[in-house]
Peer 1: 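Okay, here's the structure, questions in a sec.
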Amino acid sequence: VFNPTTDNDESPSPLAYAVATGRESGMPRVWVLEFNDEDQASGSSEEADNFGTSPPSLAVSRMTRLEFDETAYDVGIGGNRDPNLPYVVISYD
């Protein structure tokens, strides 16, 4: 999950997005999941006891599937070694 910061002196911005892969109708797919800007903290009292505070809850505000012109292709997430970058490498054949 990408967590951008606007300035080193400021606290991190809320979680912004994540990229997910999977299959739909037999075809490989990539989705971009965008999260709400608000703190969606929730959890049972048992969870709160285990973590000291309620663990954060991620609420997806929008899910976008990447689309391609070809009817047959292979797609996936490439070698993204730095999780702090504001982009992702996609492998597409």
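Counting from 1, the numbers follow the sequence of the chain as shown.
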Peer 1: Shared ILVMFWY cluster between Val32 and Val89, side chains joined below 4.5 angstrom?
Peer 2: no
Peer 1: Which heavy atom of Met27 sits nearest to which heavy atom of Ala72, and what is that distance?
Peer 2: CE-CA, 4.1 Å
Peer 1: Grab the two heavy atoms, one from Pro28 and one from Asp74, that are nearest each other, plus how far apart they are.
Peer 2: CG-OD1, 3.7 Å
Peer 1: Evaluate side-chain contact (heavy atoms from CB on, under 4.5 Å) for Phe35 paired with Val60, printing each intermediate quantity in order.
Peer 2: CA-CA 4 Å; Phe35 301 105; Val60 176; 3.8 Å; yes
Peer 1: Does any non-hydrogen side-chain atom of Val30 lie less than 4.5 Å from one of Ile90?
Peer 2: yes
Peer 1: In Å and rounded to the nearest 0.5 Å, what is the CG to CD distance from Asp93 to Glu70?
Peer 2: 10.5 Å
Peer 1: Restricting to salt bridge (Lys or Arg N to Asp or Glu O under 4.0 Å), what partner residues turn up for Glu24, sequence neighbours left out?
Peer 2: Arg29, Arg65
Peer 1: Taking everything shown except Asp82 itself, do over 12 heavy atoms lie less than 6.0 Å from its CG?
Peer 2: yes
Peer 1: Anything under 30° is parallel, anything over 60° is perpendicular, the rest tilted; go ahead and classify Tyr92 against Phe68.
Peer 2: parallel
Peer 1: If I compare all heavy atoms of Trp31 with all of Met63, which pair ends up nearest, and what's the gap?
Peer 2: CD1-CG, 3.9 Å
Peer 1: For the backbone of Gly78 and the side chain of Ser91, can you confirm whether one donor and one acceptor N or O come within less than 3.5 Å of each other?
Peer 2: no
